[in-house]
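Right, one structure below, let's go through it.
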Amino acid sequence: MKPFRNEPVLELRRAPIRAQLADALAAHDARPPLRVPVWVGAGTREGDAFASTDPGNPERLVAQAAAATPEEVDAALEAARRGHREWGRRTAGDRADVLLRAAQWLRERRLEVAALEVRECAKPWPEADADVCEAIDFLEYYARGAVEVEAGPELLQVPGERNTMQWRPRGVVAVVSPWNFPVAIPCGMTAAALATGNAVVLKPAEQAPGCAYVLVRALREAGVPPDALSLLPGEGDVGAALVRDPRVHTIAFTGSNKVGLEIIRSAAETPAGQKHLKRVVAEMGGKNSVIVDADADLDEVVPALVRSAFVYAGQKCSAAARVLVHEALHDALLDRLAGAVEVLEVGQAERLDIDVPPVIEQEAQERVARYAAEAERTGRIAARARSVPEDGGWFATPAVAADLPTDSPVLQEEIFGPLLAVERVRDVEDACDRVDASPFALTGGLFARNPETVDYVVDRTPVGNLYVNRAVTGAMVARQPFGGNRLSGTGTKAGGPAYLLQFVEPRVVSENTVRHGLVV
């Protein structure tokens, strides 16, 4: 197997590539809406219980989905109990071959899948293409990692004794995935579980059933057995049923802090008949802060902040939400940042000339507006984008808030939208104190030229991913393994060397090799 390398993103500056994007979107729009079934074992059931629509044009239907019933949840878990035994007995090399074929499936349909993301989740083309690339990366990376896990670690050996340690699949994994990375994140959680021999029941976000269906198709057509992977579209009750069920061994979740904490609480219960402790792998929310020291270069800071806070309308769990800027630089930074935000172009996701797409749904649009109003009431809005469509989609106005009280919800709560708060701090120590006071610790940033300052912040920060003198979004598999601390997550980092160990359990055999007598 060749060494892992990240899938390269498209060069969108090239006219022939842009023409291919337009053709892919036209082909997508010419097809009827996707029919997303409940897919358990070899059987499927279509329905129209709920739909996904284009956030930029809510009248455009993207996918019509069935909703899993309690009986179908039960059937999927029974199938998974059967499936993980057969799938788990295969060698890691065999399972890796299946994942590599799924990666190739996505590679060959890359633009088609990205076009679906543009429509279903309003991901701009650069973001949609990068999401498909990340899904391919997860499949490739975890396929290789599973082979290494199967080999097991080296244990100390002494004369007369043989010691071995193996990692075995835990069993049934419930994957509950989000909409903001609609192919990459469910792919990463599902691929890790499958690579290590588990069976998976996938419950995707109700806003993105079409993307999850494409992912399951890729894996099924690549050779994942029907009983080893089921798709259960539906509302939150489907995910809650999976979390509570004693047949589930591991829960892999990415989403809000509120839902994640409820999953952790539910998973801690051990009802009669359950012979194992459930393991929860959870990547939750954040309130990501970027510290800007007095010696920072504003020519670097401002573009990086704009990218970190407003690309994909701030709907990345890693997006910048707070800027903690040294008082000596505060006014100059705020002035330049305001100028950059005011000229941001808000528009439809398929347009390559826009900066900020719509948010995912009306509730998100209203939430951003409420926080902006709170910022204006208790502080001030230092800048707003001037070019925002007034109708035709769920567009939220990108804005910068300033002069807020320290207890403002705009500074403390996750907004998940294009609203960036700027705070004046006395120095870097003051900034670190504020970061340390937060219950979240997902992503952070620092702009500083002094190496001693960098070392100080690295030592002080609790965040899972710290980015120095660069944007705080865009983590790459195997380059920046991603995951948070504190209330931002539990478990090791996705796309990193230890991630697969969360889906297996260790077994050690110690054998006395000094035999007495000979058995023929």
Side-chain angles (χ1 to χ4, degrees), residues 1-2 4-10 17 20-21 23-25 27-28 31 34-37 39-42 44 62-63 83 87 90 92-121 123 125 127-147 173 175 177 181-202 204 208-231 233 477-478 494-495:
M1 202 178 296
K2 295 179 180 179
F4 172 80
R5 61 185 292 269
N6 296 110
E7 190 74 14
V9 297
L10 293 173
I17 298 294
Q20 291 175 25
L21 305 185
D23 291 344
L25 193 63
H28 176 276
R31 291 189 290 267
L34 273 177
R35 303 286 296 178
V36 179
W39 199 352
V40 177
T44 61
V62 178
W87 177 246
R90 296 194 190 184
D94 288 344
R95 296 192 300 267
D97 287 342
V98 172
L99 265 61
L100 295 178
R101 288 197 295 271
Q104 185 60 27
W105 193 98
L106 287 174
R107 202 175 277 117
E108 292 169 357
R109 296 162 180 80
R110 175 172 173 170
L111 295 183
E112 177 184 338
V113 178
L116 173 60
E117 293 195 27
V118 170
R119 284 292 183 240
E120 189 165 51
C121 300
K123 291 208 80 149
W125 274 113
E127 301 292 311
D129 177 59
D131 190 65
V132 181
C133 288
E134 187 175 18
I136 294 169
D137 284 351
F138 278 131
L139 290 162
E140 295 271 354
Y141 185 72
Y142 293 147
R144 289 163 173 79
V147 175
V173 177
V175 172
S177 64
F181 289 82
V183 176
I185 289 181
C187 181
M189 296 187 288
T190 300
L194 291 172
T196 45
N198 300 275
V200 173
V201 180
L202 170 60
C211 289
Y213 173 58
V214 167
L215 171 62
V216 174
R217 274 190 59 204
L219 290 162
R220 289 280 199 108
E221 292 182 25
V224 175
D227 283 350
L229 176 60
S230 292
L231 175 66
V477 171

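All residue numbers refer to positions in the sequence shown, counting from 1.
Between the side chain of Asp137 and the backbone N or O of Val477 there is no donor-acceptor pair closer than 3.5 Å. With Tyr141 contributing its side chain and Asn6 its backbone, the two residues share no donor-acceptor pair below 3.5 Å. With hydrogens and angles disregarded, no donor-acceptor distance shorter than 3.5 Å links the side chain of Thr190 to the backbone of Cys187. Without hydrogens or angle criteria, Glu120 side chain to Gly210 main chain gives a donor-acceptor distance under 3.5 Å. When atom types are taken as modelled, the side chain of Asp227 and the backbone of Gly41 share no donor-acceptor pair closer than 3.5 angstrom. A donor-acceptor contact shorter than 3.5 Å is absent between the side chain of Thr44 and the backbone of Val40. Remark: the backbone N or O of Val173 is not paired with any side-chain donor or acceptor of Asn198 at under 3.5 angstrom.
Two residues are said to be in side-chain contact when any heavy atoms from C-beta on lie closer than 4.5 Å; Arg144 and Lys2 meet this criterion. Using a 4.5 Å cut-off on side-chain heavy atoms (C-beta onward), Val118 and Leu21 make no contact. Residues Arg220 and Pro226 meet the side-chain proximity criterion, which asks for heavy atoms closer than 4.5 Å. The shortest side-chain heavy-atom distance between Val216 and Val224 does not fall under the 4.5 Å cut-off.
With Trp105 as the aromatic partner, Arg101 does not meet the cation-pi criteria of under 6.0 angstrom to the ring centre and within 45 degrees of the ring axis.
Shortest non-hydrogen contact noted between Gly197 and Arg95 is N-NE, 3.4 Å.
A salt bridge links Glu140 with Arg107: the distance from a Lys NZ or Arg NE/NH1/NH2 to an Asp or Glu carboxylate oxygen falls below 4.0 Å.
For Arg31, the CZ atom counts as densely surrounded, since its 6.0 Å shell holds more than 12 non-hydrogen atoms of other residues, nucleotides or ligands.
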